[in-house]
Amino acid sequence: MSIRGFWPALPALILLLVFFLFPVVRMLGFSVEAGTLDWYAKALGEGLYLQVFWNTFEIALLVTAICLLLGYPLGFLIATTTPLWATLGFIFVLLPLWTSVLVRTYAWMVLLGRNGIINRMLIDSGLLDTPLSLLNSRLAVILGMVHVMLPFMILPIYSALTRIDPDLPKAARGLGASAARIFTTIYLPLTLRGIIAGVMLVFVVSLGFYITPALLGGGKVMMFAMVIEQQVREFLAWNFAGALSVILLAVTLMMFWLLNKGVARHLRD
């Protein structure tokens with residue numbers, strides 16, 4: 001790249017350096033400030049933090065799986081329906097993105113509370129005598145996270161589906177292929193890039209979720225980002241929080257690399 005072509009990208013590079021690279025380097029510096037790896041040994045050696053990390057990984061995996069199961073049919077429907085219904089589908093998919101995550105989380109608190117809409121409907125209909133404990137549970141956290149992350153699964157899948165030549169499934173149908181056969185031999189292979197892009201996006205972001213688990217979990221469902229925030233806010237343990245942050249970042253990058261490598265190998269095969 002010539003010097004003249006470099007100048008337009010300079011503001012973006014400065015923005016990345018100031019707001020991304022510097023905080024990451026600073027966080028790494030906190031974790032090894034004393035010149036030892038004791039904070040990493042504590043984070044990886046105590047069962048409490050390993051359990052929290054496993055809980056975070058498990059919830060992120062469940063959220064990703066649910067988003068994929070819901071997102072692929074919705075993306076397929078929007079990509080193959082009429083322009084009018086596709087426009088309406090896009091509006092409903094993008095509508096949550098126009099609302100703050102905090103507002104959407106509080107809406108789930110209203111729905112799932114002991115005196116919330118869902119419990120009131122169940123009690124008034126005679127199906128229940130006492131309200132269910134829906135709030136402050138893993139179920140509430142997963143529901144809230146799926147609501148936030150579902151559009152990020154639908155959009156890459158929709159983009160991949162729109163690139164498929166509509167004559168391909170028509171030709172397969174004309175040759176006697178069943179709907180299942182068309183899906184497994186045409187749609188699934190040709191949308192694999194979109195599926196993996198959605199999976200990576202949802203899973204990686206879910207690993208670092210904070211607001212939704214903190215509010216809907218009520219402190220009973222701990223995730224890794226909540227532990228990092230707790231170390232800073234309650235204990236002022238910046239060194240330990242830095243070590244936890246570096247571990248979370250390293251695991252996130254490793255998962256991204258493994259998924260990307262798996263896709264590249266599949267495409268080569």
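Residue numbers start at 1 and run along the sequence shown.
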Pro23 versus Phe20, closest heavy-atom pair with distance: CD-O, 3.2 Å
All pairs passing side chain to side chain donor-acceptor pair (under 3.5 Å) where residues 165-178 contributes a residue, at least two apart: none
Going by atom type alone, with no hydrogens or angles, which donor-acceptor pairs under 3.5 Å involve a side-chain atom of residues 144-151 and a protein atom two or more places apart or on another chain?
unit_1: His147; atom_1: ND1; unit_2: Trp108; atom_2: NE1; d: 2.9

Atom pairs and distances, donor-acceptor, side-chain atoms in residues 60-71, under 3.5 Å, two or more places apart:
unit_1: Thr64; atom_1: OG1; unit_2: Ala60; atom_2: O; d: 2.7

Pairs where residues 149-160 contributes a residue and the test side chain to side chain donor-acceptor pair (under 3.5 Å) is met, not counting sequence neighbours: Ser159-Arg163
side-chain contact (heavy atoms from CB on, under 4.5 Å) assessment of Phe90 paired with Leu155: CA-CA 9 Å; Phe90 251 115; Leu155 293 176; 3.7 Å; yes
Close side-chain approach of Val221 and Ser137, heavy atoms under 4.5 Å: no
In one Ile/Leu/Val/Met/Phe/Trp/Tyr side-chain cluster, 4.5 Å: Val202, Val204: no
Ala140 to Leu135 - nearest heavy-atom pair and separation: CB-CA, 4.3 Å
Point-to-point distance, once rounded to the nearest 0.5 Å, from CG of Asn119 to CG of Leu111: 10.5 Å
Remaining members of the apolar cluster that contains Val25, side-chain heavy atoms under 4.5 Å: Leu17, Leu21
Pair listing, side chain to side chain donor-acceptor pair (under 3.5 Å) test, anchored in residues 197-211, at least two apart: Tyr210-Glu229
Enclosure of Arg26 CZ (heavy-atom neighbours >12, cutoff 6.0 Å): no
Gly208 to Ala225 - nearest heavy-atom pair and separation: O-CB, 3.7 Å
CG-CD1 distance between Leu74 and Ile154, expressed to the nearest 0.5 angstrom: 4.5 Å
Spatial distance of atom OG1 (Thr212) from atom CD1 (Ile142) [nearest 0.5 Å]: 12.5 Å
Partner residues of Glu46 under the side chain to side chain contact (heavy atoms under 4.5 Å, CB included) criterion, sequence neighbours left out: Lys42, Tyr49
Minimum side-chain heavy-atom gap Met200-Phe152 below 4.5 Å: no
ILVMFWY cluster, Met109 and Leu132 together (side-chain gap under 4.5 Å): yes
Qualifying side chain to side chain donor-acceptor pair (under 3.5 Å) pairs with a residue from residues 71-97, counting only residues at least two apart or across chains: Tyr72-Thr191
For the student: nearest non-hydrogen atoms of Tyr40 and Val32, plus distance: CE1-CG1, 3.9 Å
All side chain to side chain contact (heavy atoms under 4.5 Å, CB included) counterparts of Ala172, not counting sequence neighbours: Ala177, Ile182, Ile186
Approximate separation, where rounding is to 0.5 Å, of Leu168 CG and Leu190 CG: 7.0 Å
Closest non-hydrogen atom pair, Val52 against Phe224: CG1-N, 3.8 Å
Those residues that, when tested against Ser100, pass side chain to side chain contact (heavy atoms under 4.5 Å, CB included) (two or more places apart): Leu102, Val103
Pairing residues for Arg138 by the salt bridge (charged side-chain N to carboxylate O under 4.0 Å, His left out) criterion, not counting sequence neighbours: Glu58
hydrophobic_cluster_shared for Trp54 and Met222, side chain cutoff 4.5 Å: yes
Same apolar cluster (I L V M F W Y, side chains within < 4.5 Å links), Met226/Leu50: no
Smallest separation among heavy atoms of Arg104 and Pro96, with atom names: CZ-O, 2.9 Å
Note, Leu244 side chain near Val227 side chain (heavy atom, < 4.5 Å): yes
Candidate pair Ile14 and Val18, rule side-chain contact (heavy atoms from CB on, under 4.5 Å), full reasoning: CA-CA 6 Å; Ile14 294 175; Val18 173; 4.1 Å; yes
Geometric class of the Phe240/Trp39 ring pair [parallel <30°, tilted 30-60°, perpendicular >60°]: tilted
Hydrophobic cluster partners of Phe235 (side-chain heavy atoms under 4.5 Å): none
Nearest-0.5 Å distance, CG of residue Leu134 to CG of residue Leu139: 6.5 Å
Approximate separation, where rounding is to 0.5 Å, of Ile59 CD1 and Leu207 CG: 10.5 Å
